[in-house]
There are 2 protein chains.
Amino acid sequence: MTTIDASPLRGQERPGPRRQEVVTGIKDYILRNRLKPGDLLPTETELCEAVGASRSSVREAVKILSALDIVEVRHGHGTFVGRMSLNALVESLAFRGLLSGEEDHHVLGQVVDVRQTLEQGLAAEIIAVLDGDHRAQLSALVDQMEDLAAQDKDFLEVDRAFHVKLMEPLGNDLILQLTEAFWQVQAIVAPTLRTEPEHRVITAQRHRAIVDAVTAGDPAVLRAAVAEHYAPIRESIARAVQG
Amino acid sequence: MTTIDASPLRGQERPGPRRQEVVTGIKDYILRNRLKPGDLLPTETELCEAVGASRSSVREAVKILSALDIVEVRHGHGTFVGRMSLNALVESLAFRGLLSGEEDHHVLGQVVDVRQTLEQGLAAEIIAVLDGDHRAQLSALVDQMEDLAAQDKDFLEVDRAFHVKLMEPLGNDLILQLTEAFWQVQAIVAPTLRTEPEHRVITAQRHRAIVDAVTAGDPAVLRAAVAEHYAPIRESIARAVQG
DNA sequence: TGGGATTTGTACGTATGTATA
DNA sequence: TTATACATACGTACAAATCCC
């Protein structure tokens with residue numbers, strides 16, 4: 001059977017490997033055996049004897065790897081190679097945003113900057129690759145926004161779907177996941193400044209303008225529409241800093 | 001002293017809180033007490049009695065938080081509020097890149113896409129805010145590149161410093177850290193395709209072109225220079241996919 | 001210089017909850 | 001339903017690192 005081989009018995013009296021060695025040992029095991037997301041890893045007990053560490057150390061190492069979504073633990077089932085999401089980025093950034101406090105929203109402002117930069121920077125590519133089908137789906141999402149706005153309801157999920165759908169045709173999974181990750185961070189951190197009902201109608205209009213800009217096919221117009229879209233949240237942040 | 005209060009004794013026979021509750025309990029403690037990065041947290045023993053969990057559970061929870069750089073543990077000293085870096089993003093993304101394998105460099109390609117998008121998308125802002133001092137520093141870094149290239153030496157660190165310095169005047173910490181994070185991911189994943197010595201001279205030239213474009217003050221020229229800068233790595237990826 | 005106190009790191013044993021067959 | 005395999009949780013003891021006197 002394949003061994004973990006984290007410490008190839010160098011030196012002589014080695015009482016026990018450290019937790020970090022177990023972490024790299026497990027990562028090396030995954031790489032060496034060419035495991036893919038979803039593949040099963042050895043049980044904790046097997047990992048213990050393979051790496052020559054105690055259960056505690058192995059468990060703490062596995063917890064670190066699960067926090068990074070490199071492995072995924074299912075109670076009573078086993079440990080598997082993780083889906084490699086960007087949850088770690090979301091958790092880390094979101095907590096940083098919450099920590100920066102209610103009065104100081106500079107982290108939230110920076111997240112908005114990044115989101116706007118990505119969407120504006122990809123304006124030309126989006127227009128180039130976005131086909132009629134995608135445009136129709138975006139338009140349908142805006143329709144939903146308008147309906148929900150008319151009923152004085154939130155449309156957080158629709159908003160998320162819109163920004164993801166906008167990036168989808170690019171065919172870049174990383175950009176897609178970053179888009180969703182930063183959206184999530186904003187959704188977690190922003191609640192301190194609550195969206196007012198009348199803003200929803202305006203927000204829906206801004207999204208409609210983005211779809212129109214994509215349809216028009218002018219990157220400069222799309223960039224302007226994106227800037228307009230983020231204007232309200234920027235104003236909210238500016239107001240929160242003052243008052 | 002303040003308690004953690006993760007599980008306010010709801011129900012009756014509660015054998016023990018789950019690890020996730022301990023995680024949120026510690027996060028809440030940090031937020032509730034308005035702790036800042038570097039501040040000291042209670043000892044593990046204190047956390048145990050505060051949250052009513054065993055030391056093993058508390059330790060595993062702390063390990064999760066330390067993986068996200070929300071807390072930082074120093075052996076024999078204590079546990080502190082973390083620096084909130086993007087190390088979690090780097091580790092997660094880098095491992096994903098390594099896992100995607102030597103033959104399939106699509107993750108690396110996506111990272112390059114994001115880096116290029118950020119630099120191109122911020123071209124106008126960079127030109128607007130970059131002053132003579134920063135320009136001189138960028139120019140000095142390119143000088144170093146040229147010197148090292150002439151000596152057939154790597155200039156990885158100088159390259160990293162250049163791309164960070166380019167973003168610095170924007171005054172957005174998040175963009176700065178993302179720049180460095182994606183650079184690190186590329187540095188970890190790219191070694192499978194080794195940079196050839198003759199490429200270094202060209203690489204230095206491409207960085208010189210970026211400085212020149214910034215000096216010229218034309219965003220379109222800067223965007224073109226950035227595209228040229230990433231062209232070699234893109235070709236390397238394309239070659240690796242085929243051969 | 002050193003030694004004791006504090007705090008995290010590691011190890012081991014046992015019992016329990018959970019999913020699968 | 002029972003049995004098995006696995007992760008989860010708790011508790012204790014000791015080792016290692018850091019700090020302070």
Side-chain angles (χ1 to χ4, degrees), chain A residues 1 4 6-7 9 11-26 29-30 35 38-82, chain B residues 1 4 6-7 9-26 29-30 35 38-83:
Chain A
M1 189 37 204
I4 296 287
S7 62
L9 292 173
Q12 43 216 37
E13 293 193 359
R14 214 60 180 81
R18 325 218 171 316
R19 185 180 48 252
Q20 188 54 39
E21 301 179 30
V22 182
V23 169
T24 62
I26 296 176
Y29 175 89
I30 296 174
L35 299 187
D39 285 354
L40 181 64
L41 267 69
T43 69
E44 291 182 351
T45 311
E46 288 172 323
L47 287 175
C48 289
E49 42 196 46
V51 78
S54 75
R55 195 81 184 279
S56 322
S57 301
V58 169
R59 278 185 61 80
E60 290 179 8
V62 168
K63 261 58 203 171
I64 291 175
L65 292 173
S66 73
L68 302 173
D69 208 13
I70 288 176
V71 306
E72 178 188 350
V73 181
R74 273 178 266 175
H75 190 170
H77 194 185
T79 306
F80 304 81
V81 179
Chain B
M1 201 28 214
I4 297 286
S7 63
L9 291 174
R10 71 274 193 267
Q12 42 217 38
E13 293 194 1
R14 212 61 179 81
R18 323 212 176 322
R19 190 179 40 256
Q20 188 54 37
E21 301 179 31
V22 183
V23 169
T24 62
I26 296 175
Y29 175 89
I30 296 173
L35 300 187
D39 286 355
L40 182 64
L41 268 68
T43 68
E44 293 180 350
T45 311
E46 288 171 323
L47 288 175
C48 289
E49 42 197 45
V51 78
S54 73
R55 184 148 174 244
S56 319
S57 300
V58 169
R59 279 185 60 80
E60 290 179 9
V62 169
K63 261 57 206 172
I64 291 175
L65 292 173
S66 73
L68 302 174
D69 208 12
I70 288 176
V71 305
E72 177 187 349
V73 182
R74 273 177 265 177
H75 188 173
H77 194 185
T79 306
F80 304 82
V81 179
R83 256 58 181 175

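Proteins get letters first, then strands, A, B, ... in listed order; numbering begins at 1 in each.
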Show the distances under 3.5 angstrom between N or O atoms of the protein and N or O atoms of nucleotides 5-8 of chain C.
unit_1 : atom_1 : unit_2  : atom_2 : d
C/dT8  : OP1    : B/Thr79 : OG1    : 3.3
C/dT8  : OP2    : B/Glu44 : N      : 3.0
C/dT8  : O4'    : B/Gly76 : N      : 3.4
C/dT8  : O2     : B/His75 : NE2    : 3.0

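- Closest heavy-atom contact between A/Val58 and A/Cys48: CG2-SG, 3.8 Å.
- The phosphate of D/dA9 has neither OP1 nor OP2 within less than 4.0 Å of any side-chain N or O from B/Arg18.
- Checked options B/Val81, B/Asp39, B/Leu65; the residue passing with B/Ile30 is B/Val81 (criterion: side-chain contact (heavy atoms from CB on, under 4.5 Å)).
- For B/Ile64 and D/dA7, the CD1 to P distance is 15 Å, given to the nearest whole Å.
- Taking atom CZ of B/Arg19 as the reference point, atom C1' of C/dG17 lies 13 Å away to the nearest angstrom.
- Taking atom CG of residue A/Leu47 and atom C1' of nucleotide C/dT10, one finds them 17 Å apart after rounding to whole Å.
- Shown here for B/Val71 and B/Val62, the closest heavy-atom pair between the two residues is CG2-O, 3.8 Å.
- Atom CG in A/Leu40 sits roughly 12 Å away from atom P in C/dT20 (whole-Å rounding).
- Looking at heavy atoms from C-beta onward, B/Val51 lies out of side-chain contact with B/Ile26 at the 4.5 angstrom threshold.
- For D/dA9, the base has no donor-acceptor partner in the side chain of B/Ser54 [N/O atoms by modelled type, under 3.5 angstrom].
- Using a 4.5 Å heavy-atom threshold, the side chains of B/Leu35 and B/Phe80 count as separate.
- Atom CZ of A/Phe80 and atom P of C/dA19 are 12 Å apart (whole Å).
- Atom CD of B/Glu60 is separated from atom P of D/dG11 by 14 Å (rounded to the nearest Å).
- Distance CD (B/Glu21) to P (D/dC10): 10 Å, rounded to an integer number of Å.
- The nearest pair of heavy atoms linking A/Leu68 to B/Ala67 is CD2-O, 3.8 Å.
- Neither OP1 nor OP2 of C/dG9 sits under 4.0 Å from any side-chain N or O of A/Ser57.
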